[in-house]
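As a basis for the values below, the full set of heavy atoms in this structure was taken, side chains included, without hydrogen atoms, waters or symmetry mates. What you are looking at is a predicted structure, and each value in this text was computed from that prediction instead of being measured.
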Amino acid sequence: APYIRRFFRLLHGATDPDPWAADHWRWRDGFEFVLDATQSGSTHTAVDWATVPVPWLRAAVKDLARRQLATANLSWGTLTQWVRAIRQLGQYLTLNGEVPDPAGVTRPVFLDYLAWARRPDTAADPRLANTAAYLLETLHDTQIVPGLGSAVFLRRGENTHRKSRRPRPFPPDVIERVDTLIVDN
């Protein structure tokens with residue numbers, strides 16, 4: 001059964017005239033025929049566009065991703081980060097049950113989203129706000145969504161993340177081998 005399923009996925013991927021139109025993008029048996037594998041990055045992860053609740057945002061970022069992937073300016077791993085970021089932004093934008101239009105997405109709304117993402121009672125990751133701001137600004141600059149409410153959503157330094165470094169010590173056997181090499185030489 002797994003071989004038969006793989007065969008039909010492979011057949012579909014090889015004969016699909018427009019793999020970009022689907023809401024589920026899988027590298028294997030789909031985009032491996034369209035894109036070069038050297039720029040793929042993390043090819044085992046599927047991209048699920050259907051989880052993005054704002055239709056105009058999903059369509060715009062999907063178009064941007066298609067352009068970037070086709071020109072080899074984007075890796076598959078970065079694309080999965082993009083989808084996570086716009087999924088989270090879309091969840092915030094649809095909290096009250098309404099889907100906002102592009103003109104309603106302004107810098108103050110984005111800063112409210114950032115405050116929401118930083119709250120401890122949400123499962124949101126505030127680090128994804130930087131990616132979401134980058135995507136919104138790119139959509140505005142490339143005129144994929146010309147009617148966005150702002151040209152700049154997040155300024156440098158407004159959403160910094162402190163890196164906690166916890167280096168692990170070398171294992172004792174490695175130290176012993178290094179000491180042996182030093183003594184031998």
Side-chain angles (χ1 to χ4, degrees), residues 12-13 16-27 30-31 34-35 39-43 45-161:
H12 175 71
D16 189 9
D18 188 16
W20 307 103
D23 273 341
H24 230 81
W25 291 1
R26 289 184 183 85
W27 176 267
F31 286 87
V34 181
L35 302 171
Q39 63 90 28
S40 62
S42 174
T43 58
T45 309
V47 176
D48 188 8
W49 293 101
T51 59
V52 179
V54 181
W56 64 264
L57 185 60
R58 174 181 47 229
V61 175
K62 207 172 170 181
D63 184 32
L64 178 65
R66 180 188 56 78
R67 293 178 189 188
Q68 295 293 317
L69 282 170
T71 58
N73 289 332
L74 179 71
S75 72
W76 199 262
T78 304
L79 176 61
T80 59
Q81 179 80 359
W82 283 13
V83 173
R84 286 184 18 232
I86 65 165
R87 180 185 312 130
Q88 181 173 296
L89 176 62
Q91 288 170 351
Y92 172 76
L93 291 176
T94 57
L95 274 179
N96 60 1
E98 298 176 12
V99 177
D101 59 338
V105 181
T106 61
R107 178 171 157 74
V109 169
F110 191 84
L111 292 178
D112 290 341
Y113 156 68
L114 181 59
W116 172 80
R118 288 180 177 167
R119 286 190 350 212
D121 62 337
T122 64
D125 185 1
R127 294 175 294 182
L128 291 175
N130 292 341
T131 304
Y134 164 77
L135 287 171
L136 289 173
E137 290 167 10
T138 304
L139 292 174
H140 180 270
D141 293 345
T142 58
Q143 293 297 309
I144 293 175
V145 182
L148 277 172
S150 297
V152 174
F153 292 90
L154 200 59
R155 292 194 175 96
R156 182 175 173 84
E158 285 184 327
N159 191 26
T160 57
H161 302 291

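- Applying the salt bridge (charged side-chain N to carboxylate O under 4.0 Å, His left out) definition to pairs two or more places apart or across chains, none involves residues 87-100.
- The shortest heavy-atom contact between Ala60 and Leu139 is O-CD2, 3.7 Å.
- Partners of Asp121 according to the side chain to side chain donor-acceptor pair (under 3.5 Å) rule, which considers only residues two or more places apart in sequence or in another chain, are Arg119.
- Residues Ala65 and Leu79 approach most closely at CB-CD1, 3.4 Å, considering heavy atoms.
- Of all heavy-atom pairs between Pro126 and Ala117, the closest is CD-O, 3.7 Å.
- The stretch residues 112-144 participates, sequence neighbours left out, in these ring-ring contact (aromatic ring centres under 6.0 Å, His included) pairs: Tyr92-Tyr113, Tyr92-Trp116, Phe110-Tyr113.
- Looking at every heavy atom in both residues, Pro55 comes nearest to Val99 through CD-CG1, 3.9 Å.
- Counting all heavy atoms, side chain and backbone alike, Leu89 lies closest to Ala132 at CD2-CB, 4.3 Å.
- Applying the side-chain contact (heavy atoms from CB on, under 4.5 Å) test to Pro100 and every residue at least two apart in sequence or in another chain returns Leu93.
- Scored by the side chain to side chain donor-acceptor pair (under 3.5 Å) test, Gln81 finds Arg84 as partners (sequence neighbours excluded).
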Under the side chain to side chain contact (heavy atoms under 4.5 Å, CB included) criterion, do Leu57 and Leu136 qualify, and how do the steps go? CA-CA 9 Å; Leu57 185 60; Leu136 289 173; 4.1 Å; yes

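- Sorted by first and then second residue, the side-chain hydrogen bond (donor to acceptor under 3.5 Å, both in side chains) pairs with a member in residues 57-67 read Asp23-Lys62, Asp63-Arg66, Asp63-Arg67; sequence neighbours excluded.
- Between the Gln91 side chain and the Pro53 main chain, no donor and acceptor come within less than 3.5 Å of each other.
- Within the model, atoms CG of Leu114 and CZ of Phe153 stand 13.5 Å from one another, a figure rounded to the nearest 0.5 Å.
- Shown are Val47, Thr131, Leu128; of these, the side chain to side chain contact (heavy atoms under 4.5 Å, CB included) with Trp82 is made only by Thr131.
- Evaluation of the side chain to side chain donor-acceptor pair (under 3.5 Å) rule for Thr94 yields no partner, not counting sequence neighbours.
- For Arg127, the side-chain contact (heavy atoms from CB on, under 4.5 Å) partners are Asp125, His161, not counting sequence neighbours.
- Annotation: ring-ring contact (aromatic ring centres under 6.0 Å, His included) contacts of Trp49 (sequence neighbours excluded): Trp25.
- For the pair Val105/Trp56, a side-chain contact is recorded, criterion being any heavy-atom separation below 4.5 Å from C-beta on.
- Here Asp48 pairs with His24 under the side chain to side chain donor-acceptor pair (under 3.5 Å) rule; sequence neighbours left out.
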